[in-house]
Amino acid sequence: MDREKFTQEVLKSENTMYHIAKGMLKSESDCEDVVSEAVLKAYTKIHTLKEEKYFKTWLIRILINECYKKLREYKRVVSIEDCNNSFEYKDNSNYTELYNAVKKLKPKIRIVIMLHYIEGYSVEEVGNILKIPVGTVKSRLHIGRKNLKEELEDE
């Protein structure tokens with residue numbers, strides 16, 4: 001894949017990448033950081049891509065790995081802001097109840113919900129991206145829907 005084709009493919013995937021990062025991480029700046037890191041890593045590792053038709057799936061997988069790396073950093077560092085505030089967003093002018101409910105899901109469930117319902121990937125594609133069996137994807141979707149329903153009914 002040449003530089004121009006790489007740039008075109010990244011630009012096509014930009015919104016998807018940001019939405020996935022936003023679904024997994026807390027802050028805008030962290031989302032921007034992981035998207036940038038994923039693009040940089042993809043560019044340097046482009047020779048490992050076996051088939052160009054799977055570029056977007058490959059890029060999303062790199063992004064998810066970068067998000068997980070950032071989440072591990074969150075566990076090591078606790079900011080004063082995090083100690084003073086709960087992780088729930090109180091300002092509903094910027095965030096909907098559904099968004100808040102999705103943010104409360106466990107990361108493994110949340111990423112499956114985001115990829116399938118928000119980004120529109122099929123169950124099989126989600127399984128390929130996350131390298132998990134289709135049955136596991138279906139199970140996590142079921143758990144996610146159940147948890148979302150319970151959370152939204154409580155509010």
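Here the closest non-hydrogen pair linking Ala101 and Glu151 is CB-CG, 3.7 Å. Listed here is the closest heavy atom pair of Ala21 and Cys67: CA-SG, 3.9 Å. Residues Ser13 and Leu59 share a closest heavy-atom pair of CB-CD2, 4.0 Å.
Around CD of Glu124, the count of heavy atoms belonging to other residues, nucleotides or ligands within 6.0 Å exceeds 12. The neighbour count for Lys56 NZ, taken as heavy atoms of other residues, nucleotides or ligands under 6.0 Å away, is above 12.
Hydrophobic clustering of Ile, Leu, Val, Met, Phe, Trp and Tyr side chains at less than 4.5 Å, counting indirect connections, unites Val134 with Ile113. Using a 4.5 Å cut-off between side-chain heavy atoms of Ile, Leu, Val, Met, Phe, Trp and Tyr, with links allowed through other members, Tyr18 and Tyr68 fall into different hydrophobic clusters.
Residues Glu125 and Thr57 fail the side-chain proximity criterion, which asks for heavy atoms closer than 4.5 Å. Contact of the Met17 side chain with the Glu14 side chain is not registered, since no non-hydrogen atoms from C-beta on lie closer than 4.5 Å. Within the 4.5 Å cutoff, side-chain heavy atoms of Lys22 are placed close to those of Glu28. Between Leu115 and Ile129, the closest side-chain pair of non-hydrogen atoms falls below 4.5 Å. Within the 4.5 Å cutoff, side-chain heavy atoms of Val102 are placed close to those of Met114.
Contact check on Lys70 versus Glu37 returns no salt bridge, with no Lys/Arg side-chain nitrogen under 4.0 Å from an Asp/Glu carboxylate oxygen. Checked for salt-bridge contact, Lys5 and Glu9 meet the test: a charged N lies under 4.0 Å from a carboxylate O.
When each of Ile111, Val34, Ile118 is paired with Ile20, the side-chain contact (heavy atoms from CB on, under 4.5 Å) condition holds for Ile111 and for no other. With Val112 as reference, Leu141 is the one residue of Leu141, Leu105, Ile143 to meet the side-chain contact (heavy atoms from CB on, under 4.5 Å) rule.
Residues forming a ring-ring contact (aromatic ring centres under 6.0 Å, His included) with Tyr121 (at least two apart in sequence, or on another chain): none. Residues satisfying the salt bridge (charged side-chain N to carboxylate O under 4.0 Å, His left out) criterion with Lys106, sequence neighbours excluded, are absent altogether. Under the rule for a side chain to side chain contact (heavy atoms under 4.5 Å, CB included), the partners of Asn15 that lie at least two apart in sequence or sit in another chain are His19. Asn65 meets the side chain to side chain donor-acceptor pair (under 3.5 Å) test with Arg61; sequence neighbours excluded.
For residues 133-149, every residue pair satisfying the side-chain hydrogen bond (donor to acceptor under 3.5 Å, both in side chains) rule, not counting sequence neighbours, is listed here: Tyr117-Arg145. Applying the ring pair (Phe, Tyr, Trp, His ring centres under 6.0 Å) test to every pair with at least one member in residues 39-61, sequence neighbours left out, gives these pairs: Phe6-Tyr43, Phe6-Phe55, Phe55-Trp58.
Rounding to the nearest 0.5 Å gives a distance of 11.0 Å between NZ of Lys41 and OG1 of Thr48. For the atom pair CG (Leu63) and OG (Ser36), the distance works out to 10.5 Å, reported to the nearest 0.5 Å.
Side-chain atoms of Asp30 and Ser27 include a donor-acceptor pair closer than 3.5 Å.
At least one donor-acceptor pair under 3.5 Å links the side chain of Lys103 to the backbone N or O of Leu25.
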